[in-house]
> 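Below you'll find the structure I mean.
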Amino acid sequence: MTAVAQPSPRIGIIGTGAIGGFYGLMLARAGFDVHFLLRSEYAAVSEHGLHLNSKVHGKLHLSAVQAYARAADMPACDWLLVGTKSTGNVDLAPTLVQVAAPDARIVLLQNGLDVEDSLREHLPPSLHLLGGLCYIGVHRSGPGVVEHQALGRVNLGYHSGGAADDEAGRKAIVEEGAALFHKAGIESQAMADVHQARWHKLVWNVPYNGLSVLLGTGTTALMADESSRELIQALMAEVVQGARACGHDIAASYADQMFAMTETMDDYLPSMYHDHVHKRPLELAAIYARPLAAAKAAGCELPRIQALYQALSFIDRHNR
């Protein structure tokens, strides 16, 4: 018998900024049925499409964008990729419920610890919630224009939902998600423990995001000065210490690898720097407050991260 081909999944991009714009454009160019939810940039993207200026893939243009200003106008989607900031997760839940197909997979392409937890309780238990960790250098330079500097890998892990008690089912869903990205030419792999993976990502995010705001500069200057280099390494060591206290073993060599990798990068301004410049709320809860609280509950104090968090909190309050 001839096998019946499975229909291609419909993918919804919730938040078409730098992250959503990049991955949505790449998936659409690979032939997937991709639908983009936008807010302020709806008119520009509807008229001019999405533009990607990539040092990896070259200049790409998606002219025919299935764009929507309202979630109510979107079709039901099998996969929802969330590229919005974690600061708005609770308010985002009604939108996700509105556009999710039955048994939909929701992937949070966000930074920080336990970002899935604040959203889970507001979603129907049947919807699958996954964590997506993006290792990428990307930012917006204008309405519908994304600048891609380096990397692009997305690691996926199952958090909760209808397959919570089904190991094979969880694995199949995560592998299905990774296959979507692979088809779009993006490296992706499954993660056995999404919580441990988020601690891994914090090794880079904690020092470079915060220091870019505090010191007003990008990675090149941070890596060129001996004082900031020492502080970066000390902050990385505290993240590793906090992760271990919470039961997640991260090798010290991993921090060394992240530090060495950053030395080879072109100058990069992290997402928190751009949020600060544009007077948007900083993702302090997900990247600093939750890891600090988790480590403290495990009997571990992280004084340098605590001091950085307090300084950033002051800056964030007065910036807005």
Side-chain angles (χ1 to χ4, degrees), residues 11 13 15-30 32 34 52-58 60 79-86 105-113 115-116 129-140 146-159 171 173-209 219 236 239 243 248 250-251 253-266 268-272 283 286-287:
I11 301 171
I13 306 296
T16 310
I19 291 290
F22 174 82
Y23 291 112
L25 183 148
M26 295 297 289
L27 288 163
R29 284 178 57 85
F32 289 104
V34 184
L52 175 65
N53 300 318
S54 172
K55 291 187 176 181
V56 179
H57 307 286
L60 303 177
W79 284 85
L80 293 171
L81 308 185
V82 179
T84 58
K85 296 294 183 180
S86 61
R105 291 90 159 101
I106 299 170
V107 183
L108 297 189
L109 302 176
Q110 298 176 333
N111 286 326
L113 188 66
V115 293
E116 297 84 7
L129 186 59
L130 288 76
L133 282 78
C134 305
Y135 292 84
I136 187 171
V138 68
H139 68 276
R140 284 174 55 262
V146 178
E147 308 293 334
H148 176 218
Q149 184 170 323
L151 307 175
R153 173 165 53 97
V154 182
N155 289 347
L156 301 176
Y158 193 91
H159 178 270
K171 182 179 179 181
I173 289 171
V174 173
E175 290 180 348
E176 179 187 351
L180 299 180
F181 288 107
H182 287 155
K183 187 174 179 181
I186 297 166
E187 183 183 352
S188 182
Q189 64 186 53
M191 303 179 298
D193 186 339
V194 69
H195 298 287
Q196 177 162 328
R198 289 202 171 278
W199 273 104
H200 271 87
K201 187 84 186 298
L202 287 169
V203 171
W204 196 93
N205 277 327
V206 164
Y208 291 105
N209 269 286
T219 54
M236 285 182 164
V239 176
H248 303 297
I250 297 178
S253 60
Y254 179 78
D256 296 334
Q257 293 169 14
M258 291 295 99
F259 190 81
M261 180 271 293
T262 309
E263 284 196 299
T264 67
M265 291 170 51
D266 291 339
Y268 180 63
L269 293 166
S271 60
M272 190 171 286
E283 294 184 285
I287 297 178

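As the structure is a prediction and not an experimental result, all values here were calculated from the model.
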> Test your reading of the model: is there a side-chain donor-acceptor pair from Glu187 to the backbone of His182, 3.5 Å cut-off?
no

> How far apart are the closest heavy atoms of Val115 and Ala286, and which atoms are they?
CG1-CB, 3.7 Å

> Go through the steps for Ile173 and Leu130 under the test side chain to side chain contact (heavy atoms under 4.5 Å, CB included), then give the verdict.
CA-CA 9 Å; Ile173 289 171; Leu130 288 76; 4.1 Å; yes

> Do Gln110 and Ser86 have side-chain N/O donor and acceptor atoms under 3.5 Å apart?
no

> Taking C-beta and beyond as the side chain, do Val82 and Leu109 meet within less than 4.5 Å on heavy atoms?
no

> Using a strict threshold of under 4.0 Å (side-chain N to carboxylate O), is an ion pair present between Lys55 and Glu147?
no

> Is there a donor-acceptor contact under 3.5 Å from the side chain of Arg198 to the main chain of Gly112?
yes

> Are side-chain heavy atoms of Val154 and Tyr23 found at a separation under 4.5 Å?
yes

> Which class fits the ring pair His57 and Phe22: parallel under 30°, tilted 30 to 60°, perpendicular over 60°?
tilted

> Please tell me if the side chains of His200 and His248 come closer than 4.5 Å, counting only heavy atoms from C-beta onward.
no

> Any side-chain to backbone donor/acceptor pair from Thr16 onto Gly21? Under 3.5 Å, distance only.
no

> Looking at every heavy atom in both Asn209 and Trp204, which two are closest together, and how far apart are they?
ND2-CZ3, 4.2 Å

> Using atom types as modelled and distance alone, determine if a side-chain donor or acceptor of His148 lies under 3.5 Å from a backbone N or O of Ala150.
yes

> Is the backbone N or O of Val146 less than 3.5 Å from a side-chain atom of His139, with the two atoms forming a donor-acceptor pair by type?
no

> Does the side chain of Leu27 reach to within under 4.5 Å of the side chain of Leu81, using non-hydrogen atoms?
yes

> Is the shortest side-chain heavy-atom distance between His159 and His195 below 4.5 Å?
yes

> For the pair Met272 and Ile287, evaluate side chain to side chain contact (heavy atoms under 4.5 Å, CB included) and give the outcome as yes or no after the intermediate values.
CA-CA 10 Å; Met272 190 171 286; Ile287 297 178; 3.8 Å; yes

> Centroid separation under 6.0 Å, is that true for the rings of Tyr268 and Tyr208?
no

> Carefully, step by step, assess Arg105 and Leu80 under the rule side chain to side chain contact (heavy atoms under 4.5 Å, CB included).
CA-CA 6 Å; Arg105 291 90 159 101; Leu80 293 171; over 6 Å; no

> I need the minimum non-hydrogen distance between Ala197 and Leu133, along with the two atoms involved.
O-CD2, 3.1 Å

> Using the side chain to side chain donor-acceptor pair (under 3.5 Å) rule, pick out the option among Lys201, Lys85, Glu283 that qualifies with Asn111.
Lys201

> If you take all heavy atoms of Ile250 and Ala243, which pair is closest and at what distance?
CD1-CB, 3.6 Å

> Phe181 and Leu156: side chain to side chain contact (heavy atoms under 4.5 Å, CB included), yes or no, with the steps?
CA-CA 10 Å; Phe181 288 107; Leu156 301 176; 4.1 Å; yes

> Search all heavy atoms of Ile19 against all heavy atoms of Ile136 and return the closest pair with its distance.
CD1-CG2, 3.8 Å

> Any side-chain heavy-atom pair from Leu202 and Trp199 closer than 4.5 angstrom?
yes

> Are any non-hydrogen side-chain atoms of Tyr158 and Lys171 less than 4.5 angstrom apart?
no

> Can you give me the closest heavy-atom contact between Gly131 and Val194, atom names plus distance?
CA-CG2, 3.9 Å

